[in-house]
Amino acid sequence: MLNMSPATARVYEMSQIKCMTIEEIAQTLHISRRTVESHQFKGRKIVRDIIRAII
């Protein structure tokens with residue numbers, strides 16, 4: 001998805017498209033909540049930068 005790493009894209013999809021919570025994502029992927037938050041931050045920044053470039 002876009003220029004995201006596969007892990008960031010997966011977390012972004014689970015968070016923004018599937019509306020899963022941080023805890024649900026962490027449990028599903030067997031990663032820490034902090035790692036989920038980091039991927040969410042990276043994903044949002046990439047999407048935000050792309051939107052700014054378009055507008």
Check your understanding: Any luck finding a side-chain donor-acceptor pair between Ser5 and Thr8 under 3.5 Å?
Key -> yes
Review point. Do the side chains of Ser38 and Thr35 get nearer than 4.5 Å, heavy atoms only?
Key: no
Review point. In terms of hydrophobic clusters joined by side-chain contacts under 4.5 Å, are Ile25 and Phe41 together?
Key: no
**Study point:** Glu23 and Arg33, any side-chain heavy atoms less than 4.5 Å apart
**Key:** yes
Check your understanding: Any chain of hydrophobic side-chain contacts (each under 4.5 Å) joining Val11 to Met4?
Key -> no
Check your understanding: How about Val47 and Tyr12: do any of their side-chain heavy atoms sit closer than 4.5 Å?
Key -> yes
Review point. Can you list every salt bridge (charged side-chain N to carboxylate O under 4.0 Å, His left out) pair that touches residues 46-55, not counting sequence neighbours?
Key: Lys45-Asp49
Check your understanding: Can you list the steps and then say if Ser15 with Glu24 is a side-chain contact (heavy atoms from CB on, under 4.5 Å)?
Key -> CA-CA 9 Å; Ser15 172; Glu24 290 170 333; over 6 Å; no
Check your understanding: Rounded to the nearest 0.5 Å, how far apart are CG of Asn3 and NZ of Lys42?
Key -> 14.0 Å
Practice item. List the steps, then state whether salt bridge (charged side-chain N to carboxylate O under 4.0 Å, His left out) holds for Glu13 with Arg10. Key: CA-CA 5 Å; Glu13 176 186 352; Arg10 187 162 186 198; over 6 Å; no
Review point. Taking side chain as C-beta onward, heavy atoms only, is Leu29 less than 4.5 Å from Met14?
Key: yes
